[in-house]
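Following: one structure in structure tokens, then a few remarks.
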Amino acid sequence: MHLPHPRDPRAGVSVARFWQSRPAGPFLKPSRRARPMRPGPVVTRIAPSPTGDPHIGTVFMALFNLAFARRHGGKFILRIEDTDQGRSTRESEEAIFAALRWAGIPWDEGPDKGGPHGPYRQSERLPIYEKHVQRLVDSGKAYPCFCDAARLKALREEQLANKQDPRYDGHCRHLDRSDTMHRVATGEPHVIRLVVPDEGECVVPDRLRGEIRIAWSTVDHQILRKTDGFPTYHLANVVDDHLMGVTHVIRGEEWISSLPKHVLLYEGFGWECPEFIHMPLLRNPDKSKLSKRKNPTSVTWYREAGYLPEAVLNYLGMMGYTLPDGREMFTLDEFIESFEIDRVVLGGPVFDLAKLNWLNGRYLRESLTPAQILERLHGWRLNDDLLLRALPLTQKRLTTLADFVPMTAFLLRGALDYNTAELAGSDGPRTARWLRIALWQMEQLRPFTATSVRALFEDMVEREGANLRELLAPFFLAVTGAKVSLPLFDSCELLGADLTRRRLHEGLERLAAAGHELKGKTLKALEEDYRRRYVETR
RNA sequence: GCCGCGUUCGUCUAGUGGUUAGGACGCUGGCCUCUCACGCCGGUAACACGGGUUCGAAUCCCGUACGCGGUACCA
């Protein structure tokens with residue numbers, strides 16, 4: 001079905017085209033009853049950005065995209081959005097693949113397995129974006145902009161001071177065209193910006209939310225191509241979704257405010273919009289967007305901490321959703337089989353480890369035989385590989401073989417059991433600061449090895465003006481659960497980054513409970529201090 | 001600040017005008033039992049608030065409050 005250029009007859013108001021004609025009268029809240037499907041094959045996608053650790057939210061979104069596609073006999077694509085050259089890494093990309101595989105999420109097309117619409121890595125599609133950005137410039141829907149950061153900053157501050165929305169003022173849009181072209185041709189640094197209407201509003205249907213309306217005046221002249229020649233998310237995302245035949249964009253609600261930009265791009269290219277479905281965001285216990293500061297977010301942590309992938313996936317399947325028959329324990333296939341996107345609820349679900357624990361326990365005692373659990377233990381950490389790596393550290397300390405188990409138990413344990421007063425030591429606030437700083441440092445530490453951990457602490461010794469023995473004391477306790485243990489740096493390596501970090505985090509929580517909480521002004525001051533003394537002189 | 005999206009037990013949720021507002025986690029009392037755990041039985045606890053519409057609103061409409069998200073040459 002070909003649709004004409006989507007522009008509403010009402011002046012200045014553009015409406016994203018939906019596949020069906022819109023109902024007469026006011027748009028009613030969508031019903032939870034299944035809505036009719038768009039004809040033709042369904043294609044969904046997950047488009048993670050390979051920066052940092054693989055996020056549990058990525059698995060959450062992947063699950064719903066996969067279920068929707070499969071339920072309707074369609075395809076599910078994995079696309080890597082590595083348009084941020086500064087932050088994207090191959091290592092992180094690999095970690096995303098591994099995380100999805102661990103979780104049991106299969107994809108039909110992706111960078112690792114190809115497909116008819118490849119490549120599936122945005123950094124390899126630059127010529128495609130280039131061509132499309134040119135199309136927009138040629139048709140006057142985008143324009144080069146030469147403004148530097150200083151001007152933009154000043155502009156933003158002035159607008160904020162006048163209580164206006166920060167928004168590019170169109171300065172470069174009104175430059176003389178031939179002059180502009182000349183400056184571009186001579187290689188002057190510039191970005192390409194999207195032309196956005198000044199008046200009217202953008203109205204877009206969302207499958208779960210009804211019509212979303214946003215005034216154009218609040219939408220910025222989005223940069224489509226950065227100075228480095230790379231596209232921004234907005235451009236690459238729209239171009240790829242169209243070219244890859246994506247019919248349903250199922251993503252987090254954090255994207256709602258950039259919806260108008262995307263709609264404008266689809267219109268600019270003369271393409272039909274996909275159906276938009278904005279899911280609620282996973283939340284911390286305090287309701288803020290799930291973040292590693294407050295909750296474990298790395299998929300690898302859940303694996304290392306001994307969660308079963310099927311339990312994690314099952315748990316994610318009940319975030320914002322219940323099966324039509326209310327079952328709480330289900331396989332991926334069962335989830336897919338009965339999946340109805342219209343049953344998704346919009347309130348942001350708090351990710352509750354206690355309930356995940358209960359579910360994980362049920363899997364362990366109800367769905368696996370002892371022999372199968374043994375296999376899982378081997379696949380987890382209780383295997384020759386770990387024992388063999390621990391042996392060089394324990395060998396000289398052994399009197400009988402039986403000493404080995406208590407000596408290495410901390411490598412396999414969940415929560416540690418130690419005295420918080422001992423952790424705090426004589427200077428609780430100082431201990432808290434040290435743990436906090438080490439944790440920040442470790443978040444950046446790559447690779448995570450005994451050597452790099454040693455370097456981290458030696459660096460800290462210098463900057464904190466403490467001696468190593470004194471500095472390390474609380475870390476022995478926090479990481480191994482004992483004041484006397486195997487060498488700390490090697491222990492950290494054996495434990496791995498996720499588990500080590502989590503233990504420091506737990507140490508911090510214990511200190512907080514004991515009255516040494518870092519919060520508010522103290523925390524802010526520490527952050528600033530940390531930035532000054534560690535980050536800027538790195 | 002501005003814009004947007006939300007709001008049923010502490011948490012995950014059922015509920016689509018008429019229900020004693022149901023289930024699950026957690027917490028808690030009991031049973032089972034060599035301990036613990038599991039399991040079983042019971043308890044605790046919610047429609048944010050105010051106006052409408054209606055014979056009747058958790059359910060529909062409007063406002064308020066609160067929460068969250070966005071406001072980048074990050075995604």
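Reminder, nothing fancy here: chain letters follow the sequence lines and each chain counts from 1. Every value quoted in this text rests on a predicted model; they were computed, and no experiment measured them.
Rounded to a whole angstrom, the distance from the P atom of C36(B) to that of U28(B) is 15 Å. As rounded to the nearest Å, G51(B) and U59(B) have P atoms that lie 14 Å from one another. If you take atom C1' in C60(B) and the same atom in U53(B), they sit 8 Å apart, rounded to whole Å. Across the P atoms, G42(B) and A48(B) are found 29 Å apart, a figure rounded to whole Å. Separating the C1' atom of C74(B) from that of G22(B) is a span of 44 Å, rounded to the nearest Å. Across U8(B) and A45(B), the matching C1' atoms stand 12 Å from one another, rounded to whole Å. For the C1' atom pair drawn from A46(B) and C25(B), the interatomic distance equals 15 Å after rounding to whole Å. C38(B) and G29(B) are spaced 14 Å apart, taking the P atom of each and rounding to whole Å.
One atom, CG of Leu346(A), and another, P of C12(B), lie 14 Å apart when rounded to the nearest Å. The distance from atom CG of Asn357(A) to atom C1' of C27(B) is 15 Å, rounded to the nearest whole Å. Per the geometry, NE2 belonging to His278(A) stands 10 Å off C1' belonging to C5(B), to the nearest Å. Lys355(A) places its NZ atom 9 Å from the P atom of U13(B), with the value rounded to the nearest Å. Note: CZ (Arg209(A)) to P (U7(B)) measures 9 Å, nearest angstrom. Distance CD (Glu328(A)) to C1' (G22(B)): 13 Å, rounded to an integer number of Å. Following rounding to the nearest Å, Asn284(A) (CG) and G10(B) (C1') show an atom-to-atom distance of 16 Å. If you measure from atom CG of Asp325(A) to atom P of G15(B), you get 12 Å, rounded to the nearest angstrom.
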Restricting to nitrogen or oxygen on both sides, can you table the protein-nucleotides 70-73 of chain B pairs closer than 3.5 Å?
residue: G70(B); atom: OP1; partner: Lys289(A); partner atom: NZ; Å: 3.2
residue: G70(B); atom: O4'; partner: Ser257(A); partner atom: OG; Å: 3.3
residue: G70(B); atom: O2'; partner: Ser257(A); partner atom: OG; Å: 2.8
residue: A72(B); atom: OP2; partner: Arg156(A); partner atom: NH1; Å: 3.3
residue: C73(B); atom: O2; partner: Thr227(A); partner atom: N; Å: 2.7
residue: C73(B); atom: O2; partner: Thr227(A); partner atom: OG1; Å: 2.8
residue: C73(B); atom: N3; partner: Thr227(A); partner atom: OG1; Å: 2.3

Report all interatomic pairs (protein N or O, nucleotide N or O of nucleotides 38-44 of chain B) with separations under 3.5 Å.
residue: C38(B); atom: O3'; partner: Arg365(A); partner atom: NH1; Å: 3.4
residue: G39(B); atom: OP1; partner: Arg365(A); partner atom: NH1; Å: 3.2

Taking only N/O atoms, report every protein-nucleotides 62-67 of chain B pair under 3.5 Å with atom names and distance.
none

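For the salt bridge (Lys or Arg N to Asp or Glu O under 4.0 Å) test, residues two or more places apart in sequence or in another chain that qualify with Arg79(A) are Glu81(A), Asp240(A), Asp241(A). A search for side-chain hydrogen bond (donor to acceptor under 3.5 Å, both in side chains) contacts involving Ser338(A) returns nothing, not counting sequence neighbours. Residues passing the side-chain contact (heavy atoms from CB on, under 4.5 Å) test with Asp138(A) are Gln134(A), sequence neighbours excluded. Partners of Asp417(A) under the side-chain contact (heavy atoms from CB on, under 4.5 Å) rule, at least two apart in sequence or in another chain, are Arg413(A).
When both distances must be under 3.5 Å, the Watson-Crick or G-U wobble mate of U33(B) does not exist. Base pairing of G1(B): its partner is U71(B), meeting the Watson-Crick or G-U wobble criterion (both donor-acceptor distances under 3.5 Å). Pairing for G63(B) goes to C49(B), judged as Watson-Crick or G-U wobble with the two contacts each under 3.5 Å. As the counterpart of C9(B), no nucleotide is assigned, since no Watson-Crick or G-U wobble pattern has both distances under 3.5 Å. Within the shown strands, nothing qualifies as a pairing partner of A57(B) under the Watson-Crick or G-U definition with both distances less than 3.5 Å. Checking C38(B) for Watson-Crick or G-U wobble geometry (two distances, each under 3.5 Å) identifies no partner in any strand.
Ring geometry for Phe64(A) against Tyr321(A) counts as perpendicular: the plane angle is over 60°, on a 0 to 90° scale with 30° as the lower cut. Using the six-membered ring where Trp is involved, His234(A) and Trp255(A) have ring planes that are perpendicular, over 60° apart on the 30 and 60° scheme. Ring planes of Tyr143(A) and His221(A): perpendicular class, angle over 60° (limits at 30 and 60°). The aromatic rings of Tyr233(A) and His262(A) sit tilted relative to each other, their planes meeting at an angle between 30° and 60°.
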Tell me which donor-acceptor pairs under 3.5 Å the side chains of residues 329-337 of chain A have, and how far apart each pair is, sequence neighbours excluded?
residue: Thr331(A); atom: OG1; partner: Asp333(A); partner atom: N; Å: 3.4
residue: Thr331(A); atom: OG1; partner: Glu334(A); partner atom: N; Å: 3.1
residue: Glu334(A); atom: OE1; partner: Thr331(A); partner atom: N; Å: 2.8

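For Thr218(A), whose side chain is taken as the heavy atoms from C-beta onward, the closest listed nucleotide among A14(B), A75(B), C3(B) is C3(B). Checked against A75(B), C12(B), C3(B), the side chain of Ile214(A) finds its nearest nucleotide in C3(B). With distances taken from any side-chain atom of Met319(A) to the nucleotides G1(B), C74(B), C12(B), the minimum falls on C12(B).
Sorted by first and then second residue, the side-chain hydrogen bond (donor to acceptor under 3.5 Å, both in side chains) pairs with a member in residues 347-361 of chain A read Tyr307(A)-Asn357(A), Glu328(A)-Lys355(A); sequence neighbours excluded. Sorted by first and then second residue, the salt bridge (charged side-chain N to carboxylate O under 4.0 Å, His left out) pairs with a member in residues 224-237 of chain A read Glu130(A)-Arg225(A); sequence neighbours excluded. Pairs of residues two or more places apart, or lying in two chains, that qualify as salt bridge (charged side-chain N to carboxylate O under 4.0 Å, His left out) and include a residue from residues 180-192 of chain A are Arg183(A)-Glu188(A).
Side-chain N or O atoms of Arg167(A) include one that pairs as donor or acceptor with a backbone N or O of Val219(A) at under 3.5 Å.
In this structure, His505(A) has its ring center at least 6.0 angstrom away from the ring center of Trp301(A).
Nucleic acid contact class of Ile212(A) (heavy atoms, under 4.0 Å, all strands): sugar-phosphate only. Backbone-only contact: Gly348(A) has heavy atoms under 4.0 Å from sugar-phosphate atoms and none from a base.
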**Request:** Start with the C-alpha distance between His132(A) and Phe269(A), add both sets of side-chain angles, then the distance that settles ring pair (Phe, Tyr, Trp, His ring centres under 6.0 Å), and finish with yes or no.
**Result:** CA-CA 8 Å; His132(A) 284 86; Phe269(A) 289 121; 5.3 Å; yes
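By the 6.0 Å contact criterion, CD on Glu366(A) is enclosed, its count of non-hydrogen atoms from other residues, nucleotides or ligands being greater than 12.
Within residues 118-133 of chain A, no residue approaches RNA chain B, by heavy-atom distance under 4.0 Å.
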